[in-house]
Every structure is written in C-alpha cells, then in structure tokens.
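Basis for what follows: all heavy atoms, side chains included, without hydrogens, waters or symmetry-related copies. Keep in mind the model is a prediction, meaning the values are calculated, not measured. Start at 1 and go down the list; that is how both ligands and their atoms are numbered.
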Amino acid sequence: MSQEIWADVLGYVRRNISEVEYHTWFAPVKNLGVQEGSLVLGVRNSFAQEWFRKHYLELLEDALRSLGAENPAVSFQVLPAQQEAMLLPSDPPPAPAGRAQGLGSASPSPADNRKVLNPKYTFENFVVGPNNNLAHAAALAVAESPGKAYNPLFIYGDVGLGKTHLMHAVGHYMSERFPEKRIEYVSTESFTNDLINAIRDDKMTLFRNRYRSVDLLLVDDIQFLAGKERTQEEFFHTFNALYENHKQIILSSDRPPKDIQTLESRLRSRFEWGLITDIQSPEFETRVAILKMNAEHNRIDIPQEVLELIARQVTANIRELEGALMRVVAFASLNNVPFSRAVAAKALSNVFAPQEVKVEMIDVLRQVASHFNMPPDVIRGSGRVREVVVPRQVAQYLIRELTDHSLPEIGQFFGRDHSTVMHAISKVTEQLGKDMEVTGAVTTLRRKMQGLEDEGLDA
Ligand SMILES: Nc1ncnc2c1ncn2[C@@H]1O[C@H](COP(=O)(O)OP(=O)(O)OP(=O)(O)O)[C@@H](O)[C@H]1O
C-alpha cells in the first residue's frame with residue numbers, strides 16, 4: 001500500500017482516538033504493505049499485536065472502508081528487534097487531548113456518530129461519585145420514565161467528565177427495555193450539517209420527519225447552537241414537537257443555558273423547563289475507582305498504589321485519566337517491566353509534571369518478587385527453603401536501604417521482629433561480592449528502584 005494511503009488511514013485513526021492513544025500505539029507502527037489482500041502492519045511486540053487485534057482492528061477496517069475498500073482486512077506482524085529499534089518515536093508524546101472514546105475502544109467517526117451509541121457508555125460502566133451523583137440520578141430517572149420525570153434533562157460540565165457517557169447510558173437503557181423505541185443521538189454540529197444539507201437538497205420534510213418522530217433525542221454540545229439563527233429556529237420546532245408529544249429530550253453542554261450567549265430566549269427558557277444538572281471534576285476516590293474499573297475491563301492486573309499515583313497526576317478530566325492509564329500500561333509492557341509507582345511516574349513524566357515518587361516497601365517487594373519470579377506473598381510467608389529465604393533477605397536489605405522505614409516497621413511488614421531483619425541485612429551484606437546470585441539481585445534491583453533511566457527504559 002502506498003504511503004499516501006497509509007497516511008490517510010492514519011489521519012482517519014487520529015480523528016477517532018485521543019492524541020495520547022494515537023502516539024502511544026500508532027506512531028510506532030510500520031506499514032508493511034498489502035499481502036494476500038490484507039494490510040500488514042508491523043508492531044513492536046506480541047503484547048502490542050494482541051492489543052491492536054483487540055482494540056483497533058475495527059477502527060482500521062473502518063478507515064480502509066472510508067477510503068473505498070470493500071472487504072478490508074488487516075493483520076499485525078511483530079517486527080524483528082532491530083527494525084523495532086528504528087521505530088521508537090523520537091518526539092515525546094503530547095499532552096492528552098481530543099476525544100478518546102474510552103480506553104482502547106474504537107469510536108465512531110464524527111461523520112457517522114448519529115444513531116451510534118458507544119457500547120461502553122452504559123450505567124453499569126459509570127462510576128458514581130459526589131461529583132456526578134445528581135446527574136446520574138436524574139439520567140436514571142429519565143431512563144425509567146422517559147418524557148415524564150424531567151423534560152428536557154440538561155447536563156452540563158467541563159470536557160471529558162461523562163456527559164456523553166450518561167446520555168448514551170439512557171439510550172442503552174431505553175433500547176434494552178423498549179427495542180421498538182426510536183432513539184437519535186446527534187451532536188449539535190451534525191444537526192446543523194443535516195439541516196444545511198436538507199436545505200440544499202430541498203429535503204426539509206425528510207429532515208423534520210426524522211427528528212420529530214423519535215422517542216428519545218440526545219443532543220450533545222448544545223452550546224454550539226450559539227449564533228446559528230436558522231439552526232436555532234429549526235431546533236425550536238423540533239423541541240416543541242417532541243415536548244408536546246411527551247418525548248424525552250436530553251441535552252448536554254459545557255455551560256448552563258443562562259451562560260450560552262446569543263441563544264434565543266425562547267430556547268433558553270425551554271432548556272430550563274426540565275432539570276438542569278451539572279457534573280464536576282471527580283475527586284480522588286472516584287478517579288481511582290474509574291481507573292480500577294477500566295483496568296478490570298481490560299483485564300489488566302495493576303496494583304492499587306499505581307492506580308493511586310495515576311489518579312493523583314490527572315485530576316481534571318476523565319478522558320485524560322484513561323489516557324494516562326493506557327500510557328502506563330503501554331510503557332510497562334513495551335519495556336517489559338512490572339507495574340510499579342516508579343514505572344508509572346516515568347511513563348507519565350513526559351505528559352504531566354513529574355511527581356516525586358517515594359519508594360514504598362510494597363514497591364520493593366514487588367520488584368524482588370518479579371526478579372525472582374515468585375509471588376510476593378510467598379516471600380512474605382513463612383517458608384524456610386533457600387529459594388524463599390534469599391529473596392526475603394534481599395527484599396529486607398533493599399527496603400532498609402531505599403526507604404525510611406525502621407527495622408521494627410520492616411519486621412512488621414514481613415510478620416517478623418526487628419532482629420530477624422537485622423540478621424537478614426547482615427547476611428546480605430556479608431554475601432555481597434561473594435555470592436553471585438545475591439550480588440546480581442541487589443545490584444539490578446537497586447538500579448531499577450533508584451532510577452529507571454539506567455535500565456534504558458523508553459518513555
Ligand atoms: N463516572 C464515570 N465512570 C466511568 N467512566 C467515565 C465516567 N465519566 C466519564 N467517563 C469516561 O470518560 C470519558 C469521557 O467522557 P464523555 O465523553 O462522556 O465526556 P463529556 O463530558 O461528554 O466530554 P465532552 O464535553 O468533551 O463531550 C469516556 O471514556 C467516559 O466513558
């Protein structure tokens with residue numbers, strides 16, 4: 001396949017996922033051409049291969065379809081290490097921005113977002129916290145009694161806080177219970193474009209029938225009605241027709257109706273007829289819960305303290321939060337290191353202000369466990385065979401060296417008293433330089449814990 005077509009494919013992909021997702025996954029991909037009718041893409045390792053199959057196959061097929069391919073096929077091939085080295089992106093990824101449609105999920109393109117509800121945006125997948133519980137309760141009430149509870153429901157809040165997610169959740173809820181109901185999800189931009197096309201093609205009746213015959217109308221980013229007189233006029237009539245027929249309307253906006261400038265007052269007052277509710281930025285616990293849910297959905301086993309570190313880094317926007325998690329996952333897998341706070345901090349250091357990461361006992365234990373290929377609990381357990389005792393002593397030695405914890409605290413962490421820890425430390429000290437296994441483990445792990453740069457990790 002020519003590089004021009006590949007550039008078009010990348011352009012399509014880029015428009016449909018967040019910047020951080022794009023740079024993490026697509027920047028290093030190599031176009032290997034078409035083989036037996038299938039576009040072959042070179043990826044760095046088998047993890048990336050699996051990830052692409054699971055998360056981006058459909059998106060890539062859509063991209064090819066949009067370029068005219070009738071039966072698009074895409075396959076992924078792991079590149080040999082040498083070729084891979086040449087593909088490492090030289091520029092640091094930019095700060096997350098744009099519209100990711102959730103961790104790893106391919107999203108509909110803006111042009112055909114009408115009628116398409118993102119399957120991930122359900123009530124089950126919506127984490128409720130103090131920042132969004134009113135909006136959530138209102139959406140649920142509306143889903144249960146469309147056209148009766150609050151009409152319209154007006155949800156406002158900053159970007160990436162879950163307005164679209166809640167709207168789609170109502171749509172899914174309704175379509176599951178009443179499959180015959182007509183649901184229309186549209187961005188204000190698409191509504192405007194449809195109107196322009198209808199006027200141009202002399203198809204206003206069709207346009208009106210379409211929007212005025214739905215049972216649930218979901219309109220995103222209604223603030224973009226500002227200054228568009230003809231669209232406002234048309235939307236006013238659509239609104240009235242639906243309202244009078246007790247059809248549910250849900251609107252989202254980045255601000256409350258009173259703050260939308262140049263909005264006709266008859267529309268503004270209608271937007272205020274039902275319920276106006278906002279979504280605020282999530283607090284720490286909600287952010288951790290969202291990350292946890294995302295990790296579970298993607299079957300990623302990531303320690304709580306790593307999720308907490310990510311949640312401390314990204315505070316304002318859930319889309320960015322998801323991007324940050326994805327970055328950490330990609331970073332750890334591409335560098336083949338276990339998840340730790342230090343790894344997460346390193347993964348995010350190009351994107352967010354670096355955070356001081358204090359090494360914790362659990363971090364050291366995890367690293368030691370991974371080095372010796374043994375579960376952390378076994379190291380902390382009561383086993384007395386050499387295979388367990390050596391990692392345990394190394395862990396205690398490194399914790400003493402790399403953290404501020406006292407001997408009794410370390411003892412407690414291992415369910416032992418401080419004299420055992422003292423013994424472990426002197427034992428390791430004695431073996432350093434003599435016992436290859438112990439010396440190698442201490443040196444490697446110390447380097448890993450102190451500074452990841454020394455490990456040749458790529459951000
Ligand atoms: N409470 C939540 N629980 C789980 N995921 C959430 C929650 N809120 C938002 N998200 C996720 O955050 C991402 C951004 O949400 P969404 O697109 O709904 O934001 P938005 O407020 O509509 O943003 P915009 O103003 O840019 O349209 C989505 O992937 C969504 O699933």
Side-chain angles (χ1 to χ4, degrees), residues 15-22 55 59 95-110 113-114 116-140 153-173 185-191 218-226 250-256 259-260 276-298 307 310-311 314-327 329:
R15 284 193 298 280
N16 281 283
I17 60 176
S18 70
E19 275 295 298
V20 81
E21 216 177 324
Y22 180 82
H55 298 286
L59 179 63
R99 302 177 60 93
Q101 298 273 340
L103 190 66
S105 63
S107 56
S109 75
N113 66 2
R114 219 184 311 121
V116 178
L117 295 177
N118 186 325
K120 192 201 126 197
Y121 292 0
T122 60
F123 280 120
E124 292 78 48
N125 291 344
F126 191 82
V127 176
V128 183
N131 61 312
N132 59 24
N133 59 354
L134 289 178
H136 173 260
L140 205 53
L153 174 62
F154 191 104
I155 306 172
Y156 74 93
D158 281 341
V159 290
L161 293 183
K163 303 183 294 293
T164 307
H165 188 137
L166 266 187
M167 285 180 134
H168 285 210
V170 176
H172 287 302
Y173 192 98
Y185 164 70
V186 73
S187 65
T188 301
E189 204 187 350
S190 299
F191 184 86
L218 310 166
V219 187
D220 228 340
D221 294 322
I222 199 79
Q223 74 275 5
F224 291 132
L225 275 186
I250 308 184
L251 309 169
S252 91
S253 166
D254 66 352
R255 65 200 80 170
D259 292 344
I260 305 178
I276 300 175
T277 179
D278 69 333
I279 302 187
Q280 300 282 340
S281 293
E283 47 297 293
F284 176 70
E285 289 77 8
T286 312
R287 297 200 299 276
V288 175
I290 291 171
L291 286 173
K292 208 169 184 157
M293 192 191 68
N294 264 300
E296 277 166 14
H297 277 180
N298 287 280
L307 297 180
I310 301 171
V314 189
T315 54
N317 178 324
I318 298 172
R319 197 173 288 130
E320 285 190 4
L321 192 67
E322 293 177 337
L325 172 63
M326 176 172 299
R327 212 183 143 71
V329 171

Peer 1: Indicate yes or no: does an N/O atom of V128 lie under 3.5 Å from an N/O atom of ligand 1?
Peer 2: no

Peer 1: Answer with side chain, backbone, both or neither: which part of V159 has a heavy atom less than 4.0 angstrom from an atom of ligand 1?
Peer 2: both

Peer 1: Does some side-chain heavy atom of N298 sit less than 4.5 Å from a side-chain heavy atom of V329?
Peer 2: no

Peer 1: So, does G157 sit close enough to ligand 1 that a heavy atom of it is under 4.0 Å from the ligand?
Peer 2: no

Peer 1: If hydrogens are left out, which of H297, R287, E322, K163 has an atom nearest to atom 25 (O) of ligand 1, that is, the closest non-hydrogen atom?
Peer 2: K163

Peer 1: For the 3.5 Å polar cut-off, considering only N or O atoms, please tell me whether L161 and ligand 1 meet it.
Peer 2: yes

Peer 1: Within this structure, what is the CZ-OG1 distance for the pair F154 and T277, rounded to the nearest 0.5 Å?
Peer 2: 11.0 Å

Peer 1: Could you pull out, from R319, H165, K120, the option with a heavy atom nearest to atom 17 (O) of ligand 1?
Peer 2: R319

Peer 1: Is there a donor-acceptor pair closer than 3.5 Å between any side-chain N or O of R287 and the backbone N or O of V314?
Peer 2: yes

Peer 1: Classify the ring geometry between H168 and Y121 as parallel (under 30°), tilted (30 to 60°) or perpendicular (over 60°).
Peer 2: tilted

Peer 1: Any side-chain heavy atom of I318 within less than 4.5 Å of one from P282?
Peer 2: yes

Peer 1: Can you confirm whether I260 sits close enough to L225 that some side-chain heavy atom of one is under 4.5 Å from a side-chain heavy atom of the other?
Peer 2: no

Peer 1: Check each atom of ligand 1 against the heavy atoms of Y121 and keep those under 4.0 Å away; list them by number with element.
Peer 2: 17 (O), 28 (C), 29 (O), 30 (C), 31 (O)

Peer 1: Could you check whether any side-chain heavy atom of N125 comes within less than 4.5 Å of a side-chain heavy atom of H297, counting everything from C-beta outward?
Peer 2: yes

Peer 1: Please work out whether any backbone atom (N, CA, C, O) or any side-chain heavy atom from C-beta onward of N132 is under 4.0 Å from ligand 1, and answer side chain, backbone, both or neither.
Peer 2: side chain

Peer 1: Do the side chain of S253 and the main chain of I222 share a donor and acceptor less than 3.5 angstrom apart?
Peer 2: no

Peer 1: May I ask whether D254 has any heavy atom positioned less than 4.0 angstrom from an atom of ligand 1?
Peer 2: no

Peer 1: Report yes if some N/O of F126 lies less than 3.5 Å from some N/O of ligand 1; otherwise report no.
Peer 2: no

Peer 1: So for ligand 1, is V127 a polar contact partner (N or O within less than 3.5 Å, distance only)?
Peer 2: yes

